[in-house]
Amino acid sequence: MTNRLVYLRPMRLVHIRAMGPYSEARGAAWTRMFEWLSNRGKHKMPGCGYGLMLDDPKVTPRDECRYDACVDLATVGEAGLDAGVMIRRLPIGAFARTRHTGSYSKMNETARALRDTWLPQNGLLVDKRRPFVEIYLDDPRLAQEDKCRSECCIPVLPDVGSIEVA
(Lines give C-alpha, C1' and ligand atoms only; values in the text may rest on other atoms or scores of the structure.)
Protein backbone atom coordinates (compact mmCIF):
# COMPACT_ATOMS: atom_id res chain seq x y z
CA MET A 1 0.00 0.00 0.00
CA THR A 2 1.46 3.36 -1.06
CA ASN A 3 0.22 6.26 1.03
CA ARG A 4 0.87 9.90 0.31
CA LEU A 5 -0.44 13.39 0.83
CA VAL A 6 -2.26 15.05 -2.07
CA TYR A 7 -4.15 18.27 -2.61
CA LEU A 8 -7.50 17.78 -4.33
CA ARG A 9 -8.29 20.59 -6.72
CA PRO A 10 -11.70 22.23 -7.04
CA MET A 11 -13.99 20.59 -9.56
CA ARG A 12 -17.69 20.94 -10.32
CA LEU A 13 -19.51 17.63 -10.00
CA VAL A 14 -22.91 16.20 -10.84
CA HIS A 15 -24.11 14.13 -7.90
CA ILE A 16 -26.88 11.81 -6.79
CA ARG A 17 -27.41 11.35 -3.05
CA ALA A 18 -28.44 8.28 -1.11
CA MET A 19 -28.92 8.05 2.63
CA GLY A 20 -28.33 5.24 5.08
CA PRO A 21 -25.41 3.09 6.20
CA TYR A 22 -22.56 3.70 3.76
CA SER A 23 -22.37 0.00 2.89
CA GLU A 24 -25.91 0.32 1.44
CA ALA A 25 -26.01 3.98 0.39
CA ARG A 26 -22.90 3.63 -1.81
CA GLY A 27 -24.52 0.96 -4.01
CA ALA A 28 -27.88 2.76 -4.13
CA ALA A 29 -26.34 6.07 -5.19
CA TRP A 30 -24.14 4.50 -7.88
CA THR A 31 -27.00 2.39 -9.25
CA ARG A 32 -29.03 5.57 -9.74
CA MET A 33 -26.01 7.42 -11.20
CA PHE A 34 -25.35 4.65 -13.74
CA GLU A 35 -29.04 4.65 -14.73
CA TRP A 36 -28.94 8.42 -15.18
CA LEU A 37 -25.74 8.22 -17.24
CA SER A 38 -27.21 5.44 -19.43
CA ASN A 39 -30.32 7.54 -20.05
CA ARG A 40 -28.00 10.28 -21.31
CA GLY A 41 -26.26 7.85 -23.72
CA LYS A 42 -23.18 7.34 -21.53
CA HIS A 43 -22.84 3.57 -21.19
CA LYS A 44 -19.55 3.74 -19.35
CA MET A 45 -18.37 6.07 -16.62
CA PRO A 46 -17.08 9.30 -18.18
CA GLY A 47 -13.70 9.68 -16.50
CA CYS A 48 -13.35 9.08 -12.77
CA GLY A 49 -16.19 8.65 -10.34
CA TYR A 50 -16.14 10.33 -6.95
CA GLY A 51 -17.89 9.06 -3.84
CA LEU A 52 -18.34 11.45 -0.92
CA MET A 53 -19.11 10.22 2.58
CA LEU A 54 -20.47 13.39 4.13
CA ASP A 55 -21.15 12.32 7.72
CA ASP A 56 -19.22 10.66 10.52
CA PRO A 57 -21.11 7.43 11.31
CA LYS A 58 -19.73 7.59 14.86
CA VAL A 59 -21.86 10.69 15.58
CA THR A 60 -24.56 10.60 12.88
CA PRO A 61 -27.28 7.93 13.08
CA ARG A 62 -26.54 5.32 10.39
CA ASP A 63 -29.85 5.93 8.59
CA GLU A 64 -29.05 9.65 8.30
CA CYS A 65 -25.57 9.30 6.77
CA ARG A 66 -25.37 10.98 3.35
CA TYR A 67 -23.41 9.52 0.41
CA ASP A 68 -22.98 11.36 -2.91
CA ALA A 69 -22.09 9.47 -6.11
CA CYS A 70 -20.46 12.05 -8.41
CA VAL A 71 -19.00 12.52 -11.88
CA ASP A 72 -17.21 15.53 -13.34
CA LEU A 73 -19.79 18.00 -14.67
CA ALA A 74 -17.52 18.78 -17.63
CA THR A 75 -17.92 15.18 -18.90
CA VAL A 76 -21.74 15.15 -18.87
CA GLY A 77 -22.87 18.76 -19.25
CA GLU A 78 -25.34 20.80 -17.29
CA ALA A 79 -28.31 20.69 -19.69
CA GLY A 80 -31.26 18.56 -18.69
CA LEU A 81 -30.41 17.71 -15.10
CA ASP A 82 -33.24 15.57 -13.70
CA ALA A 83 -34.84 15.83 -10.28
CA GLY A 84 -32.48 14.36 -7.70
CA VAL A 85 -29.40 15.14 -9.82
CA MET A 86 -27.57 18.15 -8.42
CA ILE A 87 -24.35 20.10 -8.83
CA ARG A 88 -21.74 20.48 -6.10
CA ARG A 89 -18.02 21.13 -5.73
CA LEU A 90 -15.42 18.52 -4.89
CA PRO A 91 -14.10 19.34 -1.42
CA ILE A 92 -10.59 20.75 -1.76
CA GLY A 93 -7.58 20.62 0.49
CA ALA A 94 -5.01 18.21 1.86
CA PHE A 95 -5.91 14.52 1.84
CA ALA A 96 -4.06 11.34 2.74
CA ARG A 97 -4.49 9.02 -0.24
CA THR A 98 -3.96 5.32 -0.75
CA ARG A 99 -4.68 3.00 -3.67
CA HIS A 100 -7.18 0.15 -3.33
CA THR A 101 -7.35 -2.68 -5.87
CA GLY A 102 -10.18 -5.18 -5.70
CA SER A 103 -13.82 -5.21 -4.73
CA TYR A 104 -15.19 -1.79 -3.91
CA SER A 105 -17.05 -3.42 -1.01
CA LYS A 106 -13.68 -3.83 0.77
CA MET A 107 -12.61 -0.19 0.48
CA ASN A 108 -13.59 0.51 4.09
CA GLU A 109 -10.80 -1.83 5.27
CA THR A 110 -8.24 0.07 3.20
CA ALA A 111 -9.47 3.44 4.48
CA ARG A 112 -9.48 2.18 8.08
CA ALA A 113 -5.81 1.11 7.82
CA LEU A 114 -4.87 4.51 6.41
CA ARG A 115 -6.80 6.36 9.13
CA ASP A 116 -5.81 4.24 12.12
CA THR A 117 -2.14 3.56 11.31
CA TRP A 118 -0.61 5.86 8.71
CA LEU A 119 -2.17 9.15 9.83
CA PRO A 120 -0.98 8.96 13.48
CA GLN A 121 2.47 7.73 12.40
CA ASN A 122 2.79 10.84 10.23
CA GLY A 123 1.47 13.42 12.71
CA LEU A 124 -1.91 13.85 11.02
CA LEU A 125 -5.51 13.98 12.19
CA VAL A 126 -8.76 13.54 10.27
CA ASP A 127 -10.28 16.91 9.32
CA LYS A 128 -13.89 16.24 10.32
CA ARG A 129 -15.14 19.36 8.51
CA ARG A 130 -14.64 17.69 5.12
CA PRO A 131 -15.89 14.36 3.76
CA PHE A 132 -13.93 11.22 2.98
CA VAL A 133 -13.55 10.95 -0.81
CA GLU A 134 -13.43 7.78 -2.87
CA ILE A 135 -12.03 8.11 -6.40
CA TYR A 136 -13.12 5.33 -8.73
CA LEU A 137 -10.65 4.80 -11.55
CA ASP A 138 -12.51 1.91 -13.22
CA ASP A 139 -16.15 1.42 -14.15
CA PRO A 140 -17.30 -1.61 -12.08
CA ARG A 141 -19.70 -2.60 -14.86
CA LEU A 142 -16.78 -3.11 -17.26
CA ALA A 143 -13.82 -4.18 -15.10
CA GLN A 144 -13.28 -7.46 -13.29
CA GLU A 145 -14.13 -7.01 -9.62
CA ASP A 146 -10.70 -8.12 -8.37
CA LYS A 147 -8.98 -5.62 -10.71
CA CYS A 148 -11.08 -2.52 -9.94
CA ARG A 149 -8.84 0.37 -8.93
CA SER A 150 -9.84 3.16 -6.59
CA GLU A 151 -8.29 5.63 -4.21
CA CYS A 152 -9.34 6.30 -0.63
CA CYS A 153 -8.80 9.93 0.34
CA ILE A 154 -9.07 11.10 3.95
CA PRO A 155 -9.11 14.85 4.70
CA VAL A 156 -6.24 15.70 7.05
CA LEU A 157 -4.87 18.35 9.36
CA PRO A 158 -1.54 18.42 11.18
CA ASP A 159 -1.68 17.06 14.72
CA VAL A 160 -0.17 20.10 16.46
CA GLY A 161 0.03 18.11 19.70
CA SER A 162 2.59 15.79 18.10
CA ILE A 163 4.92 18.54 16.89
CA GLU A 164 8.17 18.67 18.86
CA VAL A 165 9.59 22.07 19.63
CA ALA A 166 13.38 22.22 19.64
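Residue numbers start at 1 and run along the sequence shown.
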Heavy-atom side-chain proximity of [X] to [Y] below 4.5 angstrom:
X	Y	result
C153	E134	no
L119	L125	no
I16	D68	no
L114	N3	yes
R99	C152	no
C70	L90	no
V76	W36	yes
D56	K128	yes

For a quick test of reading the model, state the closest non-hydrogen atom pair linking [X] to [Y] and the distance between them.
X	Y	answer
H100	T110	ND1-OG1, 2.7 Å
L37	P46	CD1-CD, 3.9 Å
P131	F95	O-CE2, 3.6 Å
Y67	A29	CD2-CB, 3.8 Å
D138	Y104	O-OH, 2.7 Å
D72	R12	OD1-O, 3.4 Å

Same apolar cluster: [X] and [Y], side chain cutoff 4.5 Å:
X	Y	value
L13	L137	yes
L52	M11	yes
M53	M107	yes
V156	I135	no

So, the side chain of [X] versus the backbone of [Y]: is there a donor-acceptor pair under 3.5 Å, distance only?
X	Y	value
R32	R17	yes
R130	I92	yes
D55	R66	yes
D127	R129	yes
D139	R141	yes
R4	T98	no

Count the heavy atoms of every other residue, nucleotide or ligand shown that sit under 6.0 Å from CZ of R149, and state whether that count exceeds 12.
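Counting other residues, nucleotides and ligands, CZ of R149 exceeds 12 neighbours.
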
With side-chain contact (heavy atoms from CB on, under 4.5 Å) as the criterion, how do T117 and R112 come out once you've worked through the C-alpha distance, each side chain's angles and the decisive distance to 0.1 Å?
CA-CA 8 Å; T117 304; R112 191 174 302 115; over 6 Å; no

Centroid separation under 6.0 Å, is that true for the rings of W30 and Y136?
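So the answer is yes for these two rings.
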
Nearest 0.5 Å, please: how far is [atom2] in [Y] from [atom1] in [X]?
X	Y	atom1	atom2	value
R88	L73	CZ	CG	13.0 Å
Y7	R97	OH	CZ	14.5 Å
N108	R115	CG	CZ	9.5 Å
E145	T101	CD	OG1	12.5 Å

L124 pairs by side chain to side chain contact (heavy atoms under 4.5 Å, CB included) with which of L157, I154, L5, D159?
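For L124, the side chain to side chain contact (heavy atoms under 4.5 Å, CB included) check succeeds only for L5.
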
I'd like to know whether M19 forms a side-chain contact (heavy atoms from CB on, under 4.5 Å) with C65, so could you lay out the CA-CA distance, the side-chain angles of the two residues, the decisive distance to 0.1 Å, and finally the verdict.
CA-CA 5 Å; M19 295 183 68; C65 288; over 6 Å; no

Show the numbers, then the answer: is there a side-chain contact (heavy atoms from CB on, under 4.5 Å) between V14 and M86?
CA-CA 6 Å; V14 173; M86 299 169 276; over 6 Å; no

Trace of the side-chain contact (heavy atoms from CB on, under 4.5 Å) decision for F132 with L54
CA-CA 7 Å; F132 281 39; L54 301 168; over 6 Å; no

